[in-house]
Structure formats: structure tokens, C-alpha cells
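Just below is one structure, and these are the notes that go with it.
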Amino acid sequence: MIGNLNHVAIVVPDLAKATARYRDVLGAQVSQPENLPEHGVTTVFIELPNTKIELLHPFGDNSPIGRFLEKNPDGGMHHLCYEVDDIYDAKNALIAEGARVLGDGEPKIGAHGKPVLFLHPKDFSGTLIELEER
Ligand code: CO
């Protein structure tokens, strides 16, 4: 069921500064910032040869990562995103095994225009997991 590691997401307190470090110091290809109001975040994607890094910064007043940044003022690793063939097959299999899907449990359209789901960190060794349909 599980496919490639699509990205590792890192919450950053200063999006421009973090983007510049990857672009100017590490020589990475970086995307333009994109606001995702439905998710309460602004994202920048760093392209690596084998995967991506998603830089996350709060967008709007009720950002789900606002509290994360309060607890971790320097930022920190936020989630891993794995690709799956079919988001509903993955969701149903995980629920059948007792895993918890966050939010209302319905896939939302993520940063790449594809359906995504988030899984409870307590069911994945303390790591928030995003699933993205391939
Ligand atoms: Co993500």
C-alpha cells in the first residue's frame, strides 16, 4: 500500500529566511510560497533528488501549526508524507486496524492538488503522518 516518501514537513518561524538557506546555501531548487487557507498554512517546497522538504508557516488566525510554533519557537519537524495508490482504500484499511484519521476523516485537497489525510501521531510512534494519493 505505502509508496514513496513524498515529503518531510518542517515548521519554520521565518519562511523567507528558511527558504533562502536551502536555496542560497544548500543550492536547492525552491518553489514560490503558496497560501493554503483551507489548511491554515503557507508552504514552500524544496526539491531534492529523491524527495521534497515542505516548509510550513502559519497562515491566518486559526492555523493548526500556530500552537506547534508556540511550543517550538525555533521550528521543528512536523510530519512525514507517504504516497498511497488510493486514499480511500488506505483510510479504510487503517480504520479497520484501529488507526485514527484526524479531522472529519474525509480527504482534503493538499498542497499538490491531490487528496490527503492525516493520521494520529499516537498510532505512528509519535509521528504525524500525511497520506497523499499518488
Ligand atoms: Co505535507
Side-chain angles (χ1 to χ4, degrees):
M1 179 199 291
I2 193 170
N4 286 345
L5 174 68
N6 185 278
H7 59 268
V8 176
I10 301 172
V11 173
V12 299
D14 184 332
L15 193 55
K17 192 173 166 188
T19 302
R21 175 137 302 172
Y22 277 92
R23 183 188 58 223
D24 301 338
V25 181
L26 295 177
Q29 194 178 325
V30 305
S31 75
Q32 289 300 312
E34 191 178 350
N35 298 328
L36 301 176
E38 198 191 341
H39 295 273
V41 296
T42 303
T43 62
V44 166
F45 277 91
I46 315 290
E47 297 283 341
L48 303 182
N50 64 340
T51 189
K52 294 184 275 291
I53 306 296
E54 176 182 44
L55 302 180
L56 289 173
H57 190 75
F59 178 84
D61 292 333
N62 282 320
S63 174
I65 59 169
R67 232 166 64 91
F68 183 96
L69 212 44
E70 278 171 28
K71 283 192 202 160
N72 307 276
D74 295 327
M77 209 205 87
H78 187 260
H79 64 267
L80 300 179
C81 177
Y82 300 129
E83 295 178 4
V84 294
D85 286 327
D86 184 296
I87 199 95
Y88 285 100
D89 284 353
K91 171 188 157 176
N92 292 335
L94 285 155
I95 287 173
E97 288 300 318
R100 286 161 284 184
V101 176
L102 297 186
D104 62 7
E106 284 305 305
K108 286 186 181 168
I109 297 304
H112 304 111
K114 295 175 177 175
V116 301
L117 280 178
F118 284 91
L119 304 170
H120 202 293
K122 288 201 169 142
D123 298 329
F124 284 89
S125 314
T127 306
L128 178 61
I129 301 293
E130 178 180 19
L131 298 180
E132 180 177 291
E133 194 163 276
R134 219 187 303 262

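We count ligands from 1, going down the list as the structure has it; atoms in each ligand are counted the same way. Start at 1 with the first residue, then count along the sequence.
- Side-chain contact check for Glu130 and His7: at least one donor-acceptor pair (N or O, by modelled atom type) lies under 3.5 Å.
- Hydrophobic clustering, with ILVMFWY side chains joined whenever heavy atoms are under 4.5 angstrom apart, groups Leu119 together with Met77.
- Note on ring orientation: taking the six-membered ring where Trp is involved, the planes of Phe118 and His79 are perpendicular (angle over 60°, cut-offs 30° and 60°).
- Within the 4.5 Å cutoff, no side-chain heavy atoms of Ile109 are placed close to those of Val116.
- Under 2.8 Å from the Co ion (ligand 1) lies no N/O/S atom of Cys81, from backbone or side chain alike.
- The OE1 atom of Glu54 and the NE2 atom of His79 meet at the Co ion (ligand 1) at an angle of about 90°, given to 10°.
- The N, O or S atom of Glu130 with the smallest distance to the Co ion (ligand 1) is OE1.
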